[in-house]
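Numbers here simply count residues along the sequence, with the first being 1.
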Amino acid sequence: MADSVTVGAAVKRPLPPRISVPDLPARFEEVGSVERHDDILQARITGLTGSVDAAHAHLAECLVVEAPLDILDLSGATLTDVEIAMGRATEVRARDSRWRNVLVHGGRIGTLDLTSAELVGVELRGIRIDYLSLGSADVSDLLIVDCAIGSVDVPLAKLSRVRFDATRADEVDTRGARAENTDLRGLDALRFTDPASMRGMTLSPRQVELLSPAFAAALGIDVRD
């Protein structure tokens, strides 16, 4: 009898991120503020302005509506099934936070600091970000689409199933990153700080051609006419 299980079937890589839209309720409770250590469930959060201290808060099945912010502090916070319709924020502090099934879209952010955060199933779409920090973060299933980013920092980050689409960046710092299934073909980057640490990342032939002088320098190769 023929074995019905195919052994050794080829797996197409890089594997794409597994993204699900946030699971939001049909009806929300209306909430006008978020404070430190708050526990908020199934809320439509509006009216945020100025500096908001939501450190160590827990938001689940929430919609955060566009608002002008100076600082949004989400340090140590947990976000599960959350959609953020981003307005303009000077700084979003989210160090050591945990994000699962989160969509952030639109608007402009000066600094988005996700240092040492844990991200699972996160999508950033249509945002202008001056500085995006993912240093030492644990990132699984991240999709960044149609974004314009000044600097992307991922030093010492663990990256799995990460993809950029129609996104551009001035500089990408990959020092010490550990990556697998990380697809950079949709990222138009002017400069990678440390090409030697890009193991596990996928580039297009055109990107490799453009970056070849930097790759040669990182390997200690002297290229001359």
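Looking at heavy atoms from C-beta onward, D130 lies in side-chain contact with R108 at the 4.5 angstrom threshold. By the 4.5 Å heavy-atom criterion applied to side chains, I144 and L132 are counted as neighbours. Side-chain contact check for R163 versus P14: every heavy-atom pair is 4.5 Å or farther apart. Counting heavy atoms from C-beta outward, Y131 and D153 have side chains that approach closer than 4.5 Å. Side-chain atoms of L134 and L142, non-hydrogen and from C-beta on, do get closer than 4.5 Å to each other.
Remark: side-chain polar atoms of T167 are paired, donor with acceptor, to backbone N or O of D165 under 3.5 angstrom. Judged by distance alone, with hydrogens and angles left aside, the side-chain atoms of D194 form no donor-acceptor pair with the main-chain N or O of R175 at under 3.5 Å. Side-chain atoms of T174 do not come within 3.5 Å of backbone N or O of A177 as any donor-acceptor pair. Not one N or O on the side chain of E123 forms a donor-acceptor pair closer than 3.5 Å with the backbone of V145. With hydrogens and angles ignored, the 3.5 Å screen pairs no side-chain donor or acceptor of D222 with any backbone N or O of R224.
None of L103, I84, V104 except one satisfies the side chain to side chain contact (heavy atoms under 4.5 Å, CB included) rule with L124; the exception is V104.
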Mind running side chain to side chain contact (heavy atoms under 4.5 Å, CB included) on R27 and Q42 for me, showing each step along the way? CA-CA 8 Å; R27 294 184 178 179; Q42 296 187 343; over 6 Å; no
Applying side chain to side chain donor-acceptor pair (under 3.5 Å) to D113 and T111, what does each step give before you reach the verdict? CA-CA 6 Å; D113 188 355; T111 296; over 6 Å; no
Please test R13 against N181 for side chain to side chain contact (heavy atoms under 4.5 Å, CB included), starting from the C-alpha separation and ending with a verdict. CA-CA 7 Å; R13 295 185 182 274; N181 295 304; 3.3 Å; yes
Step-by-step side chain to side chain donor-acceptor pair (under 3.5 Å) determination, S160 to S140: CA-CA 5 Å; S160 178; S140 299; 4.8 Å; no
List the steps, then state whether side chain to side chain contact (heavy atoms under 4.5 Å, CB included) holds for R95 with S116. CA-CA 6 Å; R95 286 174 171 248; S116 299; 5.8 Å; no
What do the steps show when you test V64 against V34 for side chain to side chain contact (heavy atoms under 4.5 Å, CB included), and what is the final call? CA-CA 10 Å; V64 181; V34 183; over 6 Å; no
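Taking CG of N101 as the start and OG1 of T80 as the end, the distance is 8.0 Å to the nearest 0.5 Å. Put simply, CD1 on I127 and CE on M86 are 8.0 Å apart, with the number rounded to the nearest 0.5 Å. Between the CZ atom in R168 and the CD1 atom in I149 there is a gap of 10.0 Å [rounded to 0.5 Å]. Atom OG of residue S136 and atom NZ of residue K158 lie 13.0 Å apart, to the nearest 0.5 angstrom. To the nearest 0.5 Å, atoms OG1 (T49) and CG (L72) are separated by 11.5 Å. In this structure, CG on D38 lies 13.0 Å from NE2 on H56, to the nearest 0.5 angstrom.
Residues V21 and V82 do not share a hydrophobic cluster, defined by chaining ILVMFWY side chains whose heavy atoms lie under 4.5 Å apart.
Residues E171 and R191 are paired through a salt bridge, judged by an N-O separation under 4.0 Å between the basic side chain and the carboxylate.
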